[in-house]
Student: 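After the structure tokens below, expect a handful of questions from me.
As the structure is a prediction and not an experimental result, all values here were calculated from the model. Both ligands and their constituent atoms are indexed starting at 1 by order of listing. All residue numbers refer to positions in the sequence shown, counting from 1.
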Amino acid sequence: MEMLKIDIKNAISFLKQNEFDQYKELTKNADLALKNRTGKGNDFLGWYDLPEKISKNEISKINNCANDLRIKSEVIIVIGIGGSYLGAKAVIEALSGQFGILKHKLGNPFILFAGQNLSEDYLFELKEFLNDKKYSLVVISKSGTTTEPAVAFRILKKELENRVGKKEASERIVAITDASKGALRSMANQEGYKSFIIDNDIGGRYSVLSPVGLLPIACAGFNIDQLLNGAKGLMQNSNNSDFNTNPVYTYAAIRHALYKQNKTTEILANFDPRLNFIAEWWKQLYGESEGKENKGIFPASVSFTSDLHSMGQYIQEGLRNIFETVISVEKPKYNLTVPIDSDNFDKLNFLAGKHLDYINKMAELGTMLAHVDGGVPNIKISIPEITEFYLGQLIYFFEKACAISGYLLGINPFDQPGVEEYKRNMFALLEKPGFEEETKKINERLK
Ligand code: PA5
């Protein structure tokens, strides 16, 4: 099987000579700190060898549970936020056809998501959509107490219980949460829901290769063994400490070297909309891991060629603090060529017989050359095709590079102290019991 490739020649050309050499040692040392568990946040390294560590028994339990839900559901709702939904959504969207929602049926359910926002209209519309459907719920929360998924679960669980009765509902609900802590664990134990455990040492944004991502992906009908095999392959490949042949070291090093040149925004670009949610997952992984202590590269994303007609202008000629990382897919899944047209009103006959993917590739090459000429360094990450196996590689590649990047930056890539701030204000405004002091203060401030 082929391996993901990285090409940095159009990024390294922006650095001074020898500036890159120091990273041979730095990346190796950062990786050693991960391996030996001596770096910051070393109690959150459960993801590091997860593709090898996850047992056959756990995988078959996940597959059996998914098959059971698939048989009884036209739609499966995955309830979670942040790391508890982005990875699953990213993989499912990458592997599903664009129009999958129109094909849902019993035995081949469509996966929808809830609990990732607090929009009244979103949940109302979801409830309306589910009105005449057979559905099941997979509720995911490591802490078991996050407000957004807890509210969505309360509403959807009640709805399901009203529809099919408490007993049948409990057989259509699966919980993924901590082994012993949190409200969701207590509820699962009391109601007898089938459940899976999120290990203590795996943080949300590093959890896609645990039951958090694997169960929803299997529910969508995709091959989680292949996903894990791809991740395992990349894991073994990235254990190689030779800087020149280790794609993970190369990516971590080049983005840090560019950051040192004040390239403080990284734009992840794709040329296939199926990868749009991979970018959302990547933004959480890098944003939440690196953005702390007033440091870190701001992760942004674009989908080309659509966004060449919106963000293209800025990338070409705006503030020069950006670099671009393109995920390039070598082969499409299907074949489609441009037909010949005898009238040729649109003057497109020069493209007749050409594959859409060939035209797309020329757009990709042309864009890269233009942006590099405009002063935007370019990193290219290539995978042969969008399959479970190569998505597994891509996921593990980004996870490990993110951890090494965090260590190069000198921060703890595994915590997220900053996300608590908005919650405190929201609870104070909502007058949550226990927040009386904060409520008083915030009301004063808003006078
Ligand atoms: O990466 C993270 O840790 C976060 O994004 C969490 O996944 C997110 O806040 C959801 O938390 P929980 O799974 O506890 O509901």
Student: How far does CD1 of I267 sit from CD of E324, to the nearest 0.5 angstrom?
Tutor: 6.0 Å

Student: Who passes side-chain hydrogen bond (donor to acceptor under 3.5 Å, both in side chains) against D31, sequence neighbours left out?
Tutor: Y48, Y249, K400

Student: Report the residues that fulfil salt bridge (Lys or Arg N to Asp or Glu O under 4.0 Å) with E74, sequence neighbours left out, ordered by chain and then residue number.
Tutor: none

Student: Within this structure, what is the CD-CD1 distance for the pair E120 and I155, rounded to the nearest 0.5 Å?
Tutor: 8.0 Å

Student: Return yes if some donor-acceptor pair links the side-chain N/O of E436 with the main-chain N/O of G434 below 3.5 Å, else return no.
Tutor: yes

Student: Mind jotting down which protein residues get a heavy-atom contact under 4.0 Å with ligand 1? Chain and number order, please.
Tutor: I81, G82, G83, S84, S141, K142, S143, T146, G204, R205, Q284, E288, Q416

Student: So which pairs with a foot in residues 403-429 pass salt bridge (Lys or Arg N to Asp or Glu O under 4.0 Å), sequence neighbours left out?
Tutor: K292-D415, E420-K423, E421-R424

